[in-house]
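Here's the structure, in structure tokens; my notes come after.
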There are 4 protein chains.
Amino acid sequence: MSPTDGKGPRAQRKAARPMEILEAAFEEFSAQGYAATRVEDIARRVGVTKGTVYVYFESKEVLFGEMMRHLSTPLADTRAHIRSLEGPYPQRIEAFVRYVYQRLVADRKTRELLRLVVAEGARFPHLADRQDEEFMQPLCDAAGEMIREGVACGAFRPTPLAEIPELLISPALLRAVEHLMFDDRRSTDLEDFIAAHLELLWSALLPCEERAGTNGRTARPDA
Amino acid sequence: MSPTDGKGPRAQRKAARPMEILEAAFEEFSAQGYAATRVEDIARRVGVTKGTVYVYFESKEVLFGEMMRHLSTPLADTRAHIRSLEGPYPQRIEAFVRYVYQRLVADRKTRELLRLVVAEGARFPHLADRQDEEFMQPLCDAAGEMIREGVACGAFRPTPLAEIPELLISPALLRAVEHLMFDDRRSTDLEDFIAAHLELLWSALLPCEERAGTNGRTARPDA
Amino acid sequence: MSPTDGKGPRAQRKAARPMEILEAAFEEFSAQGYAATRVEDIARRVGVTKGTVYVYFESKEVLFGEMMRHLSTPLADTRAHIRSLEGPYPQRIEAFVRYVYQRLVADRKTRELLRLVVAEGARFPHLADRQDEEFMQPLCDAAGEMIREGVACGAFRPTPLAEIPELLISPALLRAVEHLMFDDRRSTDLEDFIAAHLELLWSALLPCEERAGTNGRTARPDA
Amino acid sequence: MSPTDGKGPRAQRKAARPMEILEAAFEEFSAQGYAATRVEDIARRVGVTKGTVYVYFESKEVLFGEMMRHLSTPLADTRAHIRSLEGPYPQRIEAFVRYVYQRLVADRKTRELLRLVVAEGARFPHLADRQDEEFMQPLCDAAGEMIREGVACGAFRPTPLAEIPELLISPALLRAVEHLMFDDRRSTDLEDFIAAHLELLWSALLPCEERAGTNGRTARPDA
DNA sequence: CATGAATGAGGCTTCATTCAT
DNA sequence: AATGAATGAAGCCTCATTCAT
């Protein structure tokens with residue numbers, strides 16, 4: 001049980017510390033903003049004292065940066081997930097759309113990341129770039145490609161959505177922003193919203209004659 | 001008989017001060033955020049010293065609140081403007097959409113107001129409510145009504161857009177958020193974006209047979 | 001009605017200003033203390049603005065000094081008043097004692113002057129000296145002399161009160177201090193107190209055999 | 001098992017800090033008054049910096065309150081001390097009187113406490129109440145009881161002093177106030193003063209025939 | 001490693017004082 | 001003479017950071 005054992009519960013605890021601090025930092029920074037968050041708030045949330053934070057991170061600014069990097073990490077598998085979509089194109093589009101809502105609206109982490117990027121963008125300009133590179137661009141690239149493929153194989157009509165895939169994502173972003181603004185105070189039903197969103201997409205993507213059958217809550221054009 | 005008439009230059013100066021300070025406060029608060037902005041920064045921008053700010057506003061927090069109220073004021077004519085739209089429904093929709101871009105994207109004030117609401121919403125929860133009441137809700141109500149009227153008179157097809165008018169606005173919000181994130185670094189052409197946005201709307205709103213002919217300024221008959 | 005007339009109501013007002021300001025300064029300084037009183041408080045009490053105070057007094061400190069001098073002025077006639085006392089010695093003593101209560105307890109000005117001397121003595125050491133010179137010393141000198149005369153003519157027994165006349169005054173000072181501490185919250189009856197005080201004095205001053213008759217509420221040994 | 005045991009010098013230091021700060025606060029507040037004292041003055045007196053004061057006390061006002069409470073604590077044993085007086089009544093009275101001088105005049109702490117109560121009473125009204133409850137009232141109650149007992153057993157003549165024991169204390173208060181006003185500039189001999197004070201009391205308390213013999217430590221039969 | 005006392009720069013706010021009107 | 005806008009020094013308090021234990 002010498003202090004160098006490196007496998008006791010103490011050591012495990014130690015190994016987990018940096019992560020715990022990053023998580024706590026996320027909670028505090030996203031709730032209060034960078035400037036208004038005190039290092040001690042973060043420490044208290046972890047259950048340690050100020051000094052301990054400085055054992056692992058050399059400054060508040062570095063901690064913020066690391067926290068943002070840590071938050072962005074899961075974004076990395078965005079590309080992988082999108083690539084794994086299969087099936088008929090309309091189904092893929094729906095799956096993709098639902099994935100976007102999953103990330104932007106349901107996942108608090110991603111949502112708050114958006115808040116931090118908007119709020120602290122002035123002080124940390126690289127944040128926006130990373131967020132874009134690792135999240136928005138992959139999503140848009142994937143959406144654009146998917147649509148172009150669908151058009152190429154005749155499943156979809158030609159549409160400007162292929163060149164401007166942001167249009168496809170924007171309703172989810174609106175919900176994300178609404179969520180950031182009102183937390184849970186203004187929650188109209190998300191399923192209805194997504195259904196309408198999909199309906200809008202089908203009217204742009206599907207040939208006229210097919211559209212007749214699209215209805216129901218989530219518009220499953222797979223028939 | 002304006003408050004600046006018939007007075008010496010001193011009095012004119014004094015009458016203008018609160019507005020000058022509010023404008024400067026807007027610039028600083030939106031650039032740095034509430035907590036990171038120093039009252040002295042605001043004062044220096046106006047060309048006065050700290051103390052002068054306190055002649056007109058009793059605290060930094062009150063100044064922030066007044067600044068937000070001042071910013072929100074122009075939102076009030078949102079409703080009026082929307083009501084003034086005329087002409088055939090598709091043209092009205094287009095005018096409405098362009099108005100939304102005008103406000104959310106081209107107008108820096110409204111854009112930065114959005115940033116402040118997102119960034120400081122945690123500390124000033126009423127901000128979101130006012131922004132919503134005076135801006136988002138009027139826009140959505142107007143859009144919904146316009147669409148329902150168009151549907152009622154046969155100009156538009158039935159569409160979930162009528163119930164979820166946020167979908168109509170969301171692309172503009174996305175551009176606004178992009179603008180907040182990248183300032184001017186990521187500027188893809190806005191006209192192309194709006195054109196695609198409108199195209200998307202026409203495919204949802206117009207009967208199939210009419211869509212071929214939709215062009216005007218925006219819709220490109222790309223067939 | 002030229003501005004140099006010096007007798008219009010305006011001019012009268014002007015002439016009264018310094019005094020009004022001194023009175024207001026007294027109220028504020030004695031209520032809040034020197035450091036905690038704002039020049040503007042004083043101005044507002046007079047019904048003018050800060051600037052006006054500086055027309056008449058060059059600084060807050062000077063104003064305080066002038067106010068104290070103004071307050072001390074009525075003390076000057078202390079000597080005169082005491083000298084005017086007449087009649088049998090016991091009556092003179094009683095009149096004197098009542099005069100002391102009048103000044104120290106009933107007269108708010110003198111009482112608050114005491115507070116100011118105690119409170120601000122550290123910053124304005126000459127205050128105590130003036131207060132002493134113009135008030136306490138005259139009182140004590142007069143009391144001592146009166147007693148010594150009474151002893152000399154056989155009206156009073158020899159007593160250390162003659163050399164330490166402060167003893168004679170101290171009960172009134174106690175009431176003054178109590179008044180300063182509790183304002184009006186702790187008001188036991190003053191007449192009873194004075195009666196007891198006089199009784200105490202008679203037991204020291206009068207021969208044993210005369211004391212037998214001293215009773216009644218205010219112990220009138222003049223029978 | 002005192003709180004300073006078994007710890008490093010750091011811990012000892014820390015345990016002593018609040019007390020050191022309270023002492024320093026007493027010196028500064030009583031010398032300058034509440035408003036004119038800077039927290040930094042107090043800190044410098046302890047040999048630390050501003051910030052350290054705030055480690056122990058959350059605000060200047062709280063520090064002032066704690067300092068007053070700390071100062072008042074020793075007053076608590078006033079009652080106990082008085083009860084312990086023994087011996088013949090005149091000796092008890094003398095011991096009591098000497099105790100009052102000890103506290104009010106010789107003990108700088110109690111004296112300055114009086115200054116603070118008078119000076120800051122307007123801003124902190126409870127101060128006067130505590131001072132009265134824990135100091136003046138016990139003294140007066142004890143004196144009154146002692147005298148009434150002496151009267152009951154025939155040692156003292158009936159006297160209004162029994163009902164108004166403040167009269168017994170007031171000369172000491174006068175000396176205290178003089179001390180507050182002049183510090184050490186006006187120091188007439190205290191022993192002479194106390195002797196005269198006691199003499200005055202004996203003339204009220206003792207039967208005529210006994211008074212001739214009153215001397216003991218104090219009364220000088222200078223006839 | 002962890003602690004938390006101590007620091008001191010920095011920000012908010014007050015207010016005595018000045019001065020143009 | 002009176003005003004009150006403007007100033008800026010100064011005080012309260014916070015908090016990122018350091019470091020001895």
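Remember, it's a predicted structure, so these values are computed and weren't measured experimentally. Below, chain A is the first sequence line, B the second, and so on; all start at residue 1.
No side-chain heavy atom of His70(D) sits less than 4.5 Å from a side-chain heavy atom of Glu66(D). Side chains of Val55(A) and Arg17(A) form no contact here, defined as non-hydrogen atoms less than 4.5 Å apart. Inter-residue side-chain proximity for Phe29(A) and Met67(A) is flagged as met; some heavy-atom pair is nearer than 4.5 Å. Here the side chains of Met19(D) and Tyr56(D) are not in contact, with every heavy-atom distance at 4.5 Å or above. With a 4.5 Å cut-off on side-chain heavy atoms, Arg69(C) and Arg130(C) count as touching.
When rounded to the nearest whole Å, the span between CD1 of Ile21(D) and C1' of dA5(E) equals 11 Å. Straight-line distance from the CZ atom of Phe64(D) to the C1' atom of dG11(F): 17 Å, rounded to whole Å. Put simply, CZ on Arg44(A) is 13 Å from P on dT3(E), counting in whole angstrom units. One interatomic measurement links the two molecules: CG of Asp41(C) to P of dC15(E), which rounds to 8 Å at whole-angstrom precision. Straight-line distance from the CD1 atom of Ile42(C) to the C1' atom of dA16(E): 11 Å, rounded to whole Å. Computed from coordinates, the Glu20(B) CD to dA5(F) C1' distance equals 13 Å when rounded to whole Å. Counting to the nearest Å, the P atom of dT18(E) and the CZ atom of Phe57(C) are 16 Å from each other.
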Determine which bases of DNA chain F form Watson-Crick or G-U wobble pairs with both distances under 3.5 Å, and write the result as a 5' to 3' dot-bracket string with | for other-strand partners.
.||||||||||||||||||||

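One distance of note links CG of Asp129(D) with NE2 of His126(D); it measures 9.0 Å at 0.5 Å rounding.
Checking side-chain atoms of Arg115(C) against main-chain N and O of Val118(D) turns up a donor-acceptor pair under 3.5 Å. In terms of modelled atom types and a separation under 3.5 Å, the side chain of Lys109(C) and the main chain of Phe26(C) share no donor-acceptor contact. Between the side chain of Glu120(C) and the main chain of Tyr34(C), a donor-acceptor pair closer than 3.5 Å is present.
Using a 4.0 Å cut-off, no side-chain N or O of Tyr56(B) falls inside it from OP1 or OP2 of dA5(F).
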Contact letters for nucleotides 7-12 of chain E, in which S counts primed atoms plus P, OP1 and OP2 and B counts the base, heavy atoms under 4.0 Å
BBBBSS

